[in-house]
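Everything below concerns the one structure shown next.
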Amino acid sequence: MSILVNRETRLLVQGITGREGEFHSTAMLEYGTSIVAGVTPGKGGQSALDGRVPVFDTVAEAVEQTGANATCIFVPAAFAPDAMLEASAARVPLVVCITEGVPALDMLRVSHVLRASGTRLIGPNCPGMTSVDEAKVGIIPGNIHARGPVGLVSRSGTLTYEVVQAMTDAGMGQTTCVGIGGDPIIGTNFIDILDMFNQDPETEAIVMIGEIGGEEEEKAAAFCAREVRKPMAAFIAGRTAPPGRRMGHAGAIISSGGEGTAESKRVALEEAGVRVADSPSHIPQLLRDAGVG
Amino acid sequence: MSILVNRETRLLVQGITGREGEFHSTAMLEYGTSIVAGVTPGKGGQSALDGRVPVFDTVAEAVEQTGANATCIFVPAAFAPDAMLEASAARVPLVVCITEGVPALDMLRVSHVLRASGTRLIGPNCPGMTSVDEAKVGIIPGNIHARGPVGLVSRSGTLTYEVVQAMTDAGMGQTTCVGIGGDPIIGTNFIDILDMFNQDPETEAIVMIGEIGGEEEEKAAAFCAREVRKPMAAFIAGRTAPPGRRMGHAGAIISSGGEGTAESKRVALEEAGVRVADSPSHIPQLLRDAGVG
Amino acid sequence: MKLQEYRSKEILARHGVPLLSGQTATTPEEARAAAADLGGAVVIKAQVLVGGRGKAGGVKLASSPDEAEQAAREIIGLDIKGTTVKTVLVAPAADIAHEYYLGLILDRSSKAITIIASAEGGVEIEETAKTNPDAILSLPLHPLIGLQEHEVRRVAFVLGLPADLRKDFATVLRGLYAAFIESDADLAEVNPLVVTDDGRLLALDAKIVLDDSALSRHPDLEAMRDLNEEEPSEIAAREAGISFIKLDGSIGCMVNGAGLAMTTMDLVKLAGGEPANFLDIGGGAKQDKVTAAFKIILDDPNVKAILINIFGGITRGDEVARGIVEARAALTRDVPMVVRIVGTNSEEAKPILAEANLITAESLDDAAAKAVAAAGAAA
Amino acid sequence: MKLQEYRSKEILARHGVPLLSGQTATTPEEARAAAADLGGAVVIKAQVLVGGRGKAGGVKLASSPDEAEQAAREIIGLDIKGTTVKTVLVAPAADIAHEYYLGLILDRSSKAITIIASAEGGVEIEETAKTNPDAILSLPLHPLIGLQEHEVRRVAFVLGLPADLRKDFATVLRGLYAAFIESDADLAEVNPLVVTDDGRLLALDAKIVLDDSALSRHPDLEAMRDLNEEEPSEIAAREAGISFIKLDGSIGCMVNGAGLAMTTMDLVKLAGGEPANFLDIGGGAKQDKVTAAFKIILDDPNVKAILINIFGGITRGDEVARGIVEARAALTRDVPMVVRIVGTNSEEAKPILAEANLITAESLDDAAAKAVAAAGAAA
C-alpha cells in the first residue's frame, strides 16, 4: 500500500509539450508511471514523448477519452490557476501542481473551489510525490528511493531529496514521499497527509520535514499527539533564518512578531512525542531508536 | 416530532423593527414560538415587541448573547442577500427568508455559499413554516392548523393556506407545513423536505403543492418513486397558464419550448404513485383513500 | 423582461461583442435612408418579441435602398402572432460560411449560469434539443467564480471553430457573459453567431431576457421596455403594483397570491368556464389596489363575471370586503361578482358582503361554480 | 515587498480612503517648503521600512516651516535599525480624539483574507495581541465572495465608532479591501485610523506589503520598490534571478532549493560556524547563475569560505561542477571552497572537482564541518 498514487494511477500531464513538462514526463514514464494523456490547448490530436502519449486540447476531453484519474501541472504561473480549475471542473480527483510563483490571492480562490468540489490538490510550488516502485508524479528524482516502511511528508523540494537519500543510504525505505509545497496557501497540508499515512497499513513510521513560517507544523504536532500512534521523526529547516525575511519559499518567513520560528515548531513536535533531528542525516537513527527497521 | 423547527427553536428575527417584521413576529410570539432576539443595525440595545425581545446590531452578537439557532428574515429585497450571508457567517443553522423580489444572480451566490457552509436556507419569497403547536417561523396564519400526521411542502403562499385549511376542515391535521418559496433559485427544494418528512417518524403521509415552471416537481417525483413509502397526495397549480408568461412568482413560467407544464408534473407524480388532486379540496379524500387518518 | 433585438445588440456591443448593429426604422422612408446610409446589401428585420418572425415574413434581404424601402413597407404593420410590427432593424447583410448557437441561461436546476452552445446555429435551440441533443454542449459555470478561461477554450474546441478565430470567440463569450452579469439577465443568446465568408466572427442576432426582480437596480434597462408590445391593461397593472396577465375567457379573477391565483383559474376551467385573466393583488390588498384591479379586469369587454378569492393572512378579510364594496360603487360597468373571503377576519367580512348583495361562497370549488353560472347567465 | 508609508497612502487614496497625504522631502529645505505649502502644524516622518521609527526619533511634530526644517534636519541621515533615513514625509498634523487599528492580512491558517481590528490603535498590533488579545477582532472573509456589508457593519459596531462615522468607516474598510485585492497584497493596514477632535475619520499611517509572486502583474507597484533600503547585493541577486539574503557570518553558501539552503545554513551553525548568507540558486543552475552567485557572495568582505551544496534533480551535477570550475577561474578574490554534489550525474562531477583541487564532501554534515574548518584557517 501507499498513499495518493499507485499502480492504478492514470496520469494526465497539463503542459506536457513544454520544456519542463516533457523532461519530467519522460522521467515519470521511465519510473513506470502510467501516463495516459497530455493536454496542451491547440495541440489536440498530436502526441508527445515520442508518440507514447496522446495530446488533447482540453482536460475534459482527455478524461473522457482516457479515464485519467490524476493530473500533474507544469504550466507557467500565469496559467496554473486556470489549469487547476480546469482539472477540477473535469472531475479529476487528484491535482498535483508543480508550478512555482502562483500569486497567493489566486491560490485562495483555487484552493477553496477545489476543496469544496472534493478535488485533492497537492501544491503548488511542490515537487510532487512518489509511491516507491509504483508511481512517481512530479519531479522527485526516482533513483533516490528504496521501497520500505516509512512515509515522508515535506514542505520542501531538494531538502526532501536530501532526507530521502539519507534514508535510502541508511537502508530505510519509503512507502510514499510527498512534497506538499512551500507556498503560504497550498491545497493539502501536513495534517491531511499525516492522516493518510496514519491510516495506511504498510506505512509503519512517518517522517515530517518542516520549515519556518506559518503554524502548520504546530497544528500538525497537535494532530500527532491526538491521533498518530506510529513512530515519527522530523526535521525543521531555518533555525538560523532572520525574522521578517522571506527565505526563498513564499511561505518561509518568520513574522516580525516572532511567530513561525523553527524553535517553536521543534518544541511543539517534541512535546507531541515526535523525535526532531538536528541534521537530515540523523533521521534514520532516530527512527531506529523508535524501533523502526 | 416535526421537521426544521420545534420547541427547541430559539428564533432570531432580522428586520424585527420593520412593519412586516414586527407584525409577523408578534403573531409568531403569540403562536408560542420562542423569539430570543431581533437584529436591526443601529438599534442594538433597544427592545422590540413591547419589550419582550432584545434587539442587537449584528447577528453575531445576537447569537453570542442569546444562543439563537434559527433566523427569520423580513428585510427589503435589496438587503436580504446580505442578511442571509450575515446569518450564515454567524453560524445560524436555519435561515428562513420571507423577502420577495431578490434578484436571481444574488440568490445564485447566496444559496451556494450557504449550502457549502452547511446552513439550511428556506426561501426566499416563501411563507416559512409551522410545526403545529410547536413553533411557527414565517407568515403562515397560525389558526388554520391542527396537529396531525400529515407533512406538507409547497412552492406557494396563500395556496398553501388554502390546502392546510381544507385539510384542517376535513379533520386531517399536520406535523409541519413548509413553504419553500416561488423563486427560480431557492435554498431548499422539494426533495430536501420530502426526505425530512420521509424520515420523520410522526409524519405518516405527505402532501406536496407544486406549480408550473422548472423541473423540481419532476425530480421530486423520481425521488418519491425511489425513496418514499409513505402515502402522498399532490396538487399542481397552473393548468390554465399560457406558455412564456411569468405567473406572479418569478419561478412560475412555462418555457416557450414547453417545459415546466402542470401536465408534465402531474404525469410524473402519478407515475411515481402520488395521487394528484384536481382541486385543493380533494386532497383530504385522496389521503383517506390511501389509508391515512 | 424581454428586450428587442436592437436593444440586446446595443448591450452586447457595449461589452465588445462584434456585430453589425445597423439602424432602426419605423417608416419605409426611414428604412430607405438607413439602407442608403449603411451602403451595400442589408437585411430588414421586424423588431418583435415573439418568436418565428422569419417564417412569418418579418425578415427580408434588400440589395438597394429601393428594395429596403419596399421590404420595410411589407414588414411594418405586419401581424406576427398577434403583435403588429412597428419597428424594423436595418442591418448590413453578411455572407455566412457557418452558423453557431451561443447562449447563457440561468439554469434553476443546476443553480448555475450555464453556457449552451451548438455548431448547429440559426435554428431555435429548443429545436436542436429535440432533433439532435448530442449537438448541444451544456456547461454550468461555478456560481461564485464565474466564467473561466478553460471554459472559453473548451466551448471553442467543442464548436470546432477555426484556430485563428478562437481569440475572437473568447471576446464574444466573455462579452456575452459580462452582459449577462451586468444586466442581471435570465437569458442572453447570440443566434446565429456566424463565421463570414471573409473569416470574421459576428453576432447576427441577439436576444436578452432580464430578471424582473433585478430591474429596479437597472433604470437604464427598464427604459428599454417596449410598451408597444404589451397589453395596455398589463402596463396599467404593473404601474399599480398588481401582477396581471390577460387571457381570453369571460371570468375575471382577483386573488391574493400567485399560486392561489393560478389555482383559481384552474378551478374556473374545471367548473366549465374560461378565466379572463391571471391577477395577483398581492399581500395586504388595500382599497386603491382593489379599485385598480376592478378597472383592469372590467376594461376587458369579454369579462362577464368576476370571481374574487381572498385568503386572509397578512390581508384582513373585513378590510378587503369594505374595499370591494366601496370600489364597486365607483364602477362604470356592472357584472356579477362572486366573493370568497376566508382566513383572518373572514367572519367580520360576511355581514359587509351580505349587505352589499354580493354573491358569496364558502369553498373555492363553490365559488368557481357560482362564477361560471353567473357568467353564463350574463352572456 | 514592503511599501513605504507615502507609497501605501498613495494606493489607499486611489481607493477613496480619507487621509492627509502630505509631501515627501529629501532635504531639510524641501521639508520647509512642504510645511509652508501645507500650512499649519505638520508631522515629519522618516520613510523607512523597519518598525519602531517613533521610538528611534524618526517622527517629529512641527508647528512652523522653521521647525519643520529643523525636524527634517534631525531625521534625515538618522540611522534606524541599520537603515539610514533618506526621505521624510511632511503631512498635516491632526488633533486626535481616538486611535483605532484596522488591517487586512492574508491568513494562511484560515486560508482567508482576514480583517484585524482593534479600538486600541496607535500601538503595534503584535503588542496588543500580547497585552490585550480580547481587544482584537479577527474576522476571516469568504475567499470567493470577499468583503460583505454585514462584515463592514460588524467591525464598525465592535470598534464602537460614533454612529455618524459608520458610513465613512465603510468607505475606509471598502477602500482598504479594494487596495488589498487590486494590488495583490499580503498585508494592508491603517494604524492609527483616527477620529479627530473635529469628528473626521482619517488614516494617519498606512502600510502595505505586496505578494512577491504577484508583482509581475503589477509593474506600477514594482516601480515603487525602494532600492535605497535594500542591500546592493540583494538587488543584484534579484536581477540575476537568485534568491539571496545577506547575513553576518563568514561562510558563504550556494545551494539549490530554499529548504536545503536553510538547512545548509543551520548545519554550518551546528558545526560551529556562522553563515554569511542564504542563497538559493534555483533549479537547473547554469554557469551564468553560478558566476553571478560567486560574485554576490564574494562582494561580502566577511566571507572567508564558500560551501556549495547541490542536490541534482533537474540540475545535473557535472554541469554544475563545470560551471563552478569555470566561474572560479574568473574570480577576483580566492577563498577556500567546499563542494558537495549529490544526485543526478554526481559521479561524473567528481573527477571535474578533483582536477580543480576543490575540497569535496560526501555528506552535508561533512561539508559543513569542512567549510567551518576552512573558514577558521583562512581567518
Side-chain angles (χ1 to χ4, degrees), chain B residues 20 23-24 77-78 100-106 108-109 111-113 127 139-141 143-144 154-162 165-166 182-185 209 211-216 219 235 237-242 245-252 255-258 262 278-281, chain C residues 50-51 106-109 111-113 124-127 129-130 142-144 180-181 184-186 211-217 243 245 247 249 255-263 265-270 274-275 278-280 282-283 309-315 342-344 363-365 368:
Chain B
E20 296 284 299
F23 177 84
H24 290 292
E100 188 181 343
V102 180
L105 290 190
D106 290 356
L108 212 58
R109 205 164 47 95
S111 70
H112 189 86
V113 170
I139 63 173
I140 301 178
N143 58 1
I144 62 176
S154 170
R155 265 167 80 179
S156 189
T158 48
L159 173 55
T160 307
Y161 315 164
E162 179 77 37
Q165 181 81 65
D183 277 358
I185 309 287
I209 312 295
E211 62 185 36
I212 54 162
E215 307 175 332
E216 288 307 310
K219 286 194 196 164
F235 177 75
R239 292 172 86 173
T240 49
R245 302 301 306 269
R246 170 172 143 161
M247 306 299 281
H249 286 163
S255 80
S256 45
D278 283 332
S279 164
S281 65
Chain C
V50 293
L106 183 71
D107 183 38
R108 55 172 88 197
S109 196
K111 287 185 188 168
I113 299 170
E124 284 193 21
I125 193 72
E126 290 86 353
E127 194 54 35
K130 275 176 205 150
H142 192 290
L144 303 185
F180 188 100
I181 295 293
D184 268 296
D186 270 343
D211 174 8
D212 292 351
S213 295
L215 269 180
S216 62
R217 60 186 180 198
S243 187
I245 292 169
L247 299 169
V255 190
N256 67 330
L260 192 57
M262 278 190 274
T263 302
M265 289 159 53
D266 294 350
L267 291 188
V268 164
K269 175 96 175 175
L270 196 69
E274 288 290 342
F278 165 93
L279 190 154
D280 171 12
N309 184 23
I310 303 293
F311 204 113
I314 315 177
T315 315
V342 282
T344 310
S363 80
L364 179 48
D365 306 303

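Interface remark: C:S363 contributes no atoms to any contact with chain B (heavy atom separation under 4.5 Å). For a residue to count as touching a neighbouring chain, one of its non-hydrogen atoms must lie under 4.5 Å from one of that chain's; by this rule C:D365 touches chain B with the side chain only. For C:A112, the part sitting under 4.5 Å from any heavy atom of chain B is the backbone (N, CA, C, O) and nothing else. If you measure heavy-atom distances from C:I181 to chain B, the contacts under 4.5 Å come from both the backbone and the side chain. At a 4.5 Å heavy-atom cutoff, B:P127 makes no contact with chain C through either its backbone or its side chain.
Between B:L108 and C:I113 there is a side-chain heavy-atom pair separated by less than 4.5 Å. Contact annotation: the side chain of C:F180 approaches that of B:L105 to within less than 4.5 Å [non-hydrogen atoms, C-beta and beyond]. Contact check for C:L364 versus C:F311: no side-chain heavy atoms found under the 4.5 Å cut-off. Between C:T263 and B:P280, some side-chain heavy-atom pair lies under the 4.5 Å cut-off. Side-chain contact between B:H112 and C:H142 is present, with heavy atoms from C-beta onward closer than 4.5 Å.
Going from atom CG of C:N309 over to atom CG of C:L260 covers 4.5 Å, rounded to the nearest 0.5 Å.
Taking chain B as the reference chain and counting heavy-atom pairs below 4.5 Å, the highest number among C:K111, C:K269, C:E274 is found for C:K111. When B:N143, B:T160, B:I140, B:D278 are compared by the number of non-hydrogen pairs under 4.5 Å with chain C, B:D278 comes out ahead. Each of B:I209, B:D106, B:T240 has some count of heavy-atom pairs under 4.5 Å with chain C, and the biggest count is that of B:T240. The candidate with the highest count of non-hydrogen atom pairs below 4.5 Å against chain C, out of B:E162, B:Q165, B:R109, is B:E162.
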task = Starting from the C-alpha separation in whole Å, work towards a yes-or-no answer on side-chain hydrogen bond (donor to acceptor under 3.5 Å, both in side chains) for B:S279 and B:S281.
result = CA-CA 5 Å; B:S279 164; B:S281 65; 3.1 Å; yes
